[in-house]
Every structure is written in C-alpha cells, then in structure tokens.
Student: 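After the structure tokens below, expect a handful of questions from me.
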Amino acid sequence: MNHQEEEPQIRPRGKKVMLPHGGLPEVIPQYLLNLIAQTGGPDGPIGKQFVADPQSERAGFEGVASDPLIEDEHLAAPGLVYKYDAIVDEGGTVLRPGRALWTITYTCAAYCRFCTRGREVGVPAGYTWEGNNQPHSPHLSREQIDKALEFIENEPHLNEIILSGGDPLTVHPDVLKYVLWRLSLLQEKGKLDIVRIGTRLPIHNPLAIKDTHYEAVAQLHNPRLMVHINHPQELTPEALSTLDRFRRQCGAIEMSQTVLLKGVNDTPDTLVELFREIAKQGMVPYYLYQNDPVYWAHHFTVPIREAIDLWQQVRSRLSGVAATCRFVIDTPGGYGKVPIPEGNAWKVDWEQGFTDFNGTHFELE
Ligand code: SF4
C-alpha cells in the first residue's frame, strides 16, 4: 500500500446521499475509511469508488431505477434470477446447462457508487418510493431461502449457482452456513456442478471476515470466490491474507472481477499492475467489465472506443496467467457478456456493430 500523507477522514453520510429510488447509501467501514485516507482521500482511486457525488449520480435520473441486465423480468424464485436457462435439443440432449444468479441479501459492507445493482442494493428496510411501492426487505427470510432452494433442486438442467450482490458474505454467519451447506448437499447429489460466490468483503473490510466465514465456504466442493477488485491499492496486506486463507483453508478458487472506471483505473499502467498482482497472488484474473449504463454511474464510464483502445494497450503487456483476463461488455437488453477483441487480433467494425455467439446483432454505441 502507498502510505502517502494521510487525508483527514470523511464521515459517511448514509441515507442522506442515497439515490432517489433508495439504493446505495454512503456506508464505508472504518478499515476502508483508513485506506481512503492513505490513498488520496475522496478524490483518490479508492475514495472515488465509495464517496458519493450526489450531483453526478442524480443527473441522469428519470424516475426509474436502471435494470440494464434485465434481471427483474427473469425472477424465478425469491432472489433468484434464472436468465441463462438450459438449452436442450429435440432429442433431449442438454446443449448448455442452466445457471442462475441468487441474491440472498441486498446488503454490502460498503456501497460502490457505480454498482450495476444499485436499483436494489442498500435500499433501507421498508423504504418505498413512487416508482416502486413494494416495501423493501434487505434480506431473504428463511422461508424464501428454502423456496429458492426447492426451485434449484427441482429445476431440470440447472447446474450452476452464482451467489451475488449484495454481498453474500455479509449475511449472519448462521444463514451463510445454512445456505452453503444446502448447496453443498446439492453438489454431493450431483445436482449442482458449480457454486460461485461473488464478494467484495475481502476488499471492503477484511477485518470483518471471521472463522465462521471460512467454515461456511469450506463446506462447498471447489468453491469459486469471485472477488471484485478494481485497483492495486485495494490489495492491502489484510486483504491478501484473507484471500490467502480462503484458498488454503477452503480450497477456494479465486477469480477476479474488475470494472473499468474513469478516474479510478483507466490507465494502462494501473490495469497492468492490477492484473499482474492478482496473478502473482495466486488468483485468476477473470473479467474486466465495461461499466454498465446505470443512470447513477454515467460519470464513471470510459467511452467504448477509448476502452477498447486502452484494453489493446493493456493486453499487449500481459502474459501468462495475467493475460487470461478478458474485457467484456454486457450486451444491451441483457443478452449476456461478449468479450471485446484484443490486441488487434481481430478488427472492430464500427459501422456494422457485432454479432454474438447466438447470432444476435448489436450496435457498438
Ligand atoms: S460490492 Fe458489489 S453489489 Fe455491493 S455495492 Fe459493490 S458492486 Fe454493488
């Protein structure tokens, strides 16, 4: 970590600066406040991710909370989005098994100002607004959890679950243990092949990770920990030691996810350092995402042409494990992720756009 002269600490403003529809209050744990103070304050690469900028975040608000991945339409059970369902041919052969995203909590230890799920993450309990009159509940109840597990167990050809944000590691340890135990039983029965856990807790607050977290995750067979890391300065000794323990004690396979963010990590040097460090520390650099078009995060978006140019510079400087990272864009309409061409290996046709592996055509801008 770069121990520059420390900035005076900020005081998180909580609900006062949450988005108009109720998402993303400004909540920052002490560990992260210290890191922000050591890395340039609110305008540094860590501070910008967590300190609210209400004017920029509200500029594009038009009365609805953005859902660019079209997840709400695909809700199949409590918290469970089943968008990538199985493809089975006429003879009954499974051409592609299904995978589902399951949100057991809408709470995180800190709220990233660019969060693609800011429509639902961090909304205070019972909060209503004119665009959505359903009282909000931050966690699934035991009954809802059991209902979703029943769906997972009985849905043919669904074989992969992605626990995602909110941050599943922030739930009560007993709940985490119960959910992962039930999923591990489904793995044992041969129903589930893969369970991924998307988390940012090792970055937001590694000090909050206790023995019970490791015990819960260790129940799974080959747990995949999808760790959201955006900047090399997030990889503090505390974060690295937590990640190391998940690998050693739980056999976790750790894969990184990074969002390309203007003013945070949009230089070749920063991204090269990040992916090299992730690889060196024993993790797999997995995805660099183009920022999703949610109204509260337009000011973080690197225009796509610049982003592709940047990626080509980064890609040419990565090798081996570090180069396994792919730059992906979520296609408009929630059709899935498409890797962006790299290193001039193939040309982008700006006039024609591109066609994904399902044959669906998209414009690039
Ligand atoms: S940790 Fe993930 S889900 Fe939580 S606010 Fe950040 S990006 Fe959103």
Side-chain angles (χ1 to χ4, degrees), residues 12-15 17-19 21-29 31-33 35-36 45-53 57 65-69 71-72 79-81 101-124 127 136-140 162-171 176 196-209 213 224-231 234-235 239 242-243 254-262 264-265 286-301 328 330 337:
R13 293 162 287 178
K15 291 186 215 171
V17 291
M18 67 187 183
L19 299 172
H21 67 266
L24 306 184
E26 189 183 71
V27 172
I28 311 173
Y31 163 86
L32 201 50
L33 286 171
L35 184 60
I36 290 170
I46 315 300
K48 274 191 175 163
Q49 297 182 60
F50 300 103
V51 178
D53 171 1
E57 291 173 12
S66 319
D67 177 18
L69 310 184
E71 292 182 336
D72 290 346
L80 193 116
V81 174
L101 181 99
W102 190 19
T103 302
I104 56 172
T105 178
Y106 298 92
T107 300
C108 300
Y111 293 101
C112 314
R113 307 315 305 169
F114 49 86
C115 175
T116 195
R117 298 209 176 88
R119 72 182 185 284
E120 57 191 8
V121 168
V123 177
Y127 185 81
H136 189 82
S137 168
H139 306 291
L140 294 190
I162 305 162
L163 289 167
S164 186
D167 194 323
L169 295 192
T170 62
V171 299
L176 185 68
R196 303 190 219 170
I197 303 170
T199 182
R200 230 191 158 191
L201 193 57
I203 303 302
H204 283 166
N205 191 7
L207 309 180
I209 298 180
H213 289 90
R224 257 75 170 189
L225 223 55
M226 317 305 293
V227 191
H228 180 163
I229 311 168
N230 290 335
H231 194 276
E234 293 171 11
L235 293 172
T242 303
L243 292 164
E254 291 171 340
M255 304 173 79
S256 70
Q257 309 192 102
T258 299
V259 184
L260 180 61
L261 298 166
K262 194 194 274 184
V264 172
N265 58 11
Y286 183 48
Y287 275 154
L288 170 68
Y289 295 102
Q290 174 69 349
N291 190 34
D292 282 326
V294 287
Y295 80 76
W296 48 88
H298 288 317
H299 55 298
F300 281 113
T301 299
V328 292
D330 261 298
K337 294 175 180 56

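Remember, it's 1-based here, ligands and their atoms both numbered in the order they're listed. One is the number of the first residue; the rest follow in order along the sequence. Bear in mind the structure is a predicted one, so any value in this text is a computation, not a measurement.
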Student: A side-chain contact here means heavy atoms from C-beta on lying under 4.5 Å apart; do M18 and Y127 qualify?
Tutor: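 Side-chain contact under 4.5 Å: yes.
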Student: Which atoms from ligand 1 have a heavy atom of H204 less than 4.0 Å away?
Tutor: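 Those of ligand 1 that fall under 4.0 Å from H204 are 1 (S).
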Student: Heavy-atom distance under 4.5 Å between the side chains of N291 and L261, does that happen here?
Tutor: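 Result yes, sub-4.5 Å side-chain heavy-atom pair found.
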Student: E234: what forms a salt bridge (charged side-chain N to carboxylate O under 4.0 Å, His left out) with it, not counting sequence neighbours?
Tutor: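 Counting only residues at least two positions away or on another chain, E234 forms a salt bridge (charged side-chain N to carboxylate O under 4.0 Å, His left out) with R200.
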Student: Check for a donor-acceptor pair, side chain of W296 on one end and backbone N or O of C115 on the other, with a separation under 3.5 Å.
Tutor: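 A pair under 3.5 Å: yes.
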Student: Kindly give the heavy-atom pair with the smallest separation between I46 and H231, and that separation in Å.
Tutor: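 Of all heavy-atom pairs spanning I46 and H231, the closest is CD1-CB, 4.2 Å.
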Student: Tell me, which protein N/O/S atoms are under 2.8 Å away from atom 8 (Fe) of ligand 1?
Tutor: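 Sorted hits: C115 SG.
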Student: Could you tell me whether a side-chain N or O of H21 sits under 3.5 Å from a main-chain N or O of G118, the two making a donor and an acceptor?
Tutor: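 Here the side-chain-to-backbone pair exists.
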